[in-house]
*Asks:* 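Handing you this structure, nothing more for now.
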Amino acid sequence: MQSLELESDQPFSLHHTLNCGQVFRWDFREGWWHGIVGDRALKIRQDGDTLTWNGADEEFIRAYFQLDLDLPKITGSFDRDPFIHAAIGRCRGLRLIRQPRWECTISYICATNSNIPMIRKRIELLARALGTKFTFEGKPYFGFPSPDAIAGCCNATLTECKMGYRASYVLDTACRLARVNDWERGISESQYDDARRTLMQLKGIGPKAADCILLFAFQKFEAFPIDVWIRRIMQEQYLNGSAASRTLCRDAEIQKFARDHFGPYCGYAQEYLYGARLG
DNA sequence: AACCAGGTCATGA
DNA sequence: TCATGACATGGT
């Protein structure tokens, strides 16, 4: 077991960070958050300014939870209206996570047109079917399947994982990326627009999934994923006033507004809006 | 029983 | 470039 003391001027909330819908393989049980990240399992808890965990070194924890970033500076940069101000207050300490790139990519293909419990079930079934089994604190876990593991399976296997029509998307993307050496580097080194276009050439990745992947796995904070919730919030709160009188506007317009209004960290702002969405 | 969920794709104008 | 409908699945 290891621990660290958070800096007093750098807010962090494990609960908001893991509960805001950006990751799908974390569970809160008996006072601990239990998670599977790529091929490792870990558990972690927060008591005030103390983080205690098992299953990773401190370097991993700091990187994974973005403890190296100046959060007040980030939230301050987009704290520009009463609505986002309230969301920042409600989700105080929420940090974006640095997700494994491959896992994040497949996860958000699995996420389309589904609710969060269904996404979680799908990914768990996928890991059980094709992931590597290992033991952590005496219990069995399944890591996230490698590109080769998915690329080598058949459509029926993925259908058994409740992928529905996404099965062929997952398989196709796995086959493509499995043959490319270090595909992440090209995305990582590209500007946001180019990276987004490249990702969208993969089956099952449209504008929304691409933005989630760029935001959560490539730290391109200018990405502003628009799902049904964010679309609703943006139209009601920022674009056209009341729900009754609003006229619909395109996602591209919403995105432009978001980047102009919230600035270069608008992706971070998006996650605060999403995290605070249930009132 | 329709409708919805962290949407995307194929089609047709 | 844009609307429109289909699409697997499970919950409400």
Side-chain angles (χ1 to χ4, degrees), chain A residues 16-26 87 91 94-97 99-101 103-126 128-129 153-177 193 196-218 220-237 243 247-256 258 262 266-279:
Chain A
H16 283 130
T17 297
L18 291 174
N19 228 352
C20 71
Q22 55 180 329
V23 285
F24 303 113
R25 301 198 75 191
W26 282 91
C91 299
L94 188 164
R95 288 172 184 262
L96 293 185
I97 281 173
Q99 299 190 32
R101 290 161 170 179
E103 174 170 353
C104 184
T105 300
I106 294 300
S107 294
Y108 277 90
I109 292 177
C110 295
T112 62
N113 202 25
S114 304
N115 52 36
I116 289 177
M118 192 61 209
I119 300 165
R120 292 170 60 92
K121 176 188 271 186
R122 242 177 232 143
I123 293 172
E124 187 55 33
L125 288 170
L126 182 67
R128 285 175 184 275
C153 84
C154 60
N155 218 295
T157 303
L158 295 175
T159 300
E160 286 170 17
C161 298
K162 306 298 181 187
M163 292 289 172
Y165 61 88
R166 303 161 196 79
S168 61
Y169 302 160
V170 170
L171 188 52
D172 189 90
T173 292
C175 290
R176 282 178 193 281
L177 297 186
D193 290 315
R196 191 175 193 247
R197 264 190 292 275
T198 303
L199 278 176
M200 285 175 62
Q201 289 172 359
L202 296 167
K203 289 281 173 55
I205 300 182
K208 153 68 172 59
D211 280 333
C212 285
I213 295 162
L214 291 173
L215 184 58
F216 300 142
F218 291 90
K220 301 215 181 278
F221 299 128
E222 64 269 54
F224 190 84
I226 299 178
D227 59 25
V228 293
W229 298 96
I230 293 298
R231 189 175 298 119
R232 201 172 294 156
I233 290 169
M234 292 302 290
Q235 286 177 345
E236 290 179 4
Q237 299 296 329
T247 58
L248 299 178
C249 74
R250 300 180 209 304
D251 288 352
E253 295 177 48
I254 297 177
Q255 251 161 3
K256 175 170 167 35
F262 295 125
C266 64
Y268 241 99
Q270 189 271 7
E271 205 55 19
Y272 276 84
L273 292 175
Y274 191 81
R277 72 191 180 284
L278 297 180

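Because the structure is predicted, anything quoted here is derived from the model rather than measured. Reckoned from all heavy atoms, side chains included, excluding hydrogens, waters and symmetry mates.
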*Asks:* Reckon Arg232(A) has a side-chain N or O less than 4.0 Å from the OP1 or OP2 of dA5(B)?
*Replies:* yes
*Asks:* What interatomic distance, in whole Å, is found between C1' of dG5(C) and the corresponding atom of dC3(B)?
*Replies:* 16 Å
*Asks:* Is there, by distance only and without an angle test, a donor paired with an acceptor across the side chain of Tyr108(A) and the base of dG7(B) below 3.5 Å?
*Replies:* no
*Asks:* Quick one: label Cys20(A) by what it contacts on the DNA or RNA (base, sugar-phosphate, nothing), any heavy atom closer than 4.0 Å.
*Replies:* base
*Asks:* Using Watson-Crick or G-U wobble geometry with both distances below 3.5 Å, tell me the partner of dA2(B), or none.
*Replies:* dT12(C)
*Asks:* Describe the nucleic acid contact of Pro117(A) in one word from base, sugar-phosphate, nothing, applying a heavy-atom distance below 4.0 Å.
*Replies:*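 Nothing, no nucleic acid heavy atom in range.
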*Asks:* Nearest to the Tyr169(A) side chain among dG6(B), dC9(B), dA8(C), which nucleotide is it?
*Replies:*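 Shortest atom-to-atom distance from the side chain points to dC9(B).
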*Asks:* Please determine, for the side chain of Ala209(A), which listed nucleotide (dT8(B), dA10(B), dG7(B)) has the closest atom?
*Replies:*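 The listed nucleotide nearest to Ala209(A)'s side chain is dT8(B).
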*Asks:* Ignoring backbone atoms, test whether Lys162(A) places a side-chain nitrogen or oxygen under 4.0 Å from the OP1 or OP2 oxygen of dG10(C).
*Replies:* yes
*Asks:* Mind checking Ala167(A) for me? I need base, sugar-phosphate or nothing, with any heavy atom below 4.0 Å counting as a touch.
*Replies:*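 Ala167(A): no heavy atom of the nucleic acid under 4.0 Å.
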*Asks:* Sort out the partner of dT11(B) for me: Watson-Crick or G-U wobble, both distances under 3.5 Å, none otherwise.
*Replies:*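 By the stated definition (distances under 3.5 Å), dA3(C) pairs with dT11(B).
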*Asks:* Counting the atoms with a prime plus P, OP1 and OP2 as sugar-phosphate, which does Ile205(A) contact under 4.0 Å by heavy atoms, base, sugar-phosphate, or nothing?
*Replies:* sugar-phosphate
*Asks:* Between dA6(C) and dA2(B), how far is it from one P atom to the other, in whole Å?
*Replies:* 15 Å
*Asks:* Report which part of the nucleic acid Arg166(A) touches: base, sugar-phosphate, or nothing (heavy-atom distance under 4.0 Å, all strands).
*Replies:* base
*Asks:* Has Ser114(A) got a side-chain atom pairing as donor or acceptor with Thr112(A)'s backbone, closer than 3.5 angstrom?
*Replies:* yes
*Asks:* From the list dT8(B), dA3(C), dC7(C), which nucleotide is the closest neighbour of the side chain of Arg250(A)?
*Replies:*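 The closest nucleotide is dA3(C).
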*Asks:* Among the nucleotides dA5(B), dG10(C), dG6(B), which one has an atom lying closest to any side-chain atom of Met118(A)?
*Replies:*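 Selected nucleotide: dG10(C).
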*Asks:* I'd like to check, for Tyr274(A), whether its ring lies over the base of dG6(B) with centroids under 5.5 Å apart and a plane angle smaller than 30°.
*Replies:*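 Yes; by the centre-distance and plane-angle rule, Tyr274(A) counts as stacking on dG6(B).
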*Asks:* Under 4.0 Å between any heavy atoms, over every strand shown, what does Gly204(A) touch: base, sugar-phosphate, or nothing? Just pick one.
*Replies:* sugar-phosphate
*Asks:* Determine yes or no for a side-chain-to-main-chain donor-acceptor pair under 3.5 angstrom, with Tyr268(A) supplying the side chain and Leu96(A) the backbone.
*Replies:* yes
*Asks:* Which heavy-atom pair separates Leu94(A) from Cys20(A) by the least distance, and what is that distance?
*Replies:*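 Closest approach of Leu94(A) to Cys20(A): CD1-CB, 3.8 Å.
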*Asks:* Choose from dG10(C), dG7(B), dG6(B) the nucleotide whose nearest atom is closest to any side-chain atom of Thr112(A).
*Replies:*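 Nearest to the side chain of Thr112(A) among the choices is dG7(B).
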*Asks:* Measure the acute angle between the ring planes of Tyr108(A) and Phe216(A), then classify it against the limits of 30° and 60° as parallel, tilted or perpendicular.
*Replies:*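 Plane angle between 30° and 60°, so tilted.
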*Asks:* Starting at the 5' end of DNA chain B and moving along, which residue's nearest nucleotide shows up first, Leu202(A) or Asn115(A)?
*Replies:* Asn115(A)
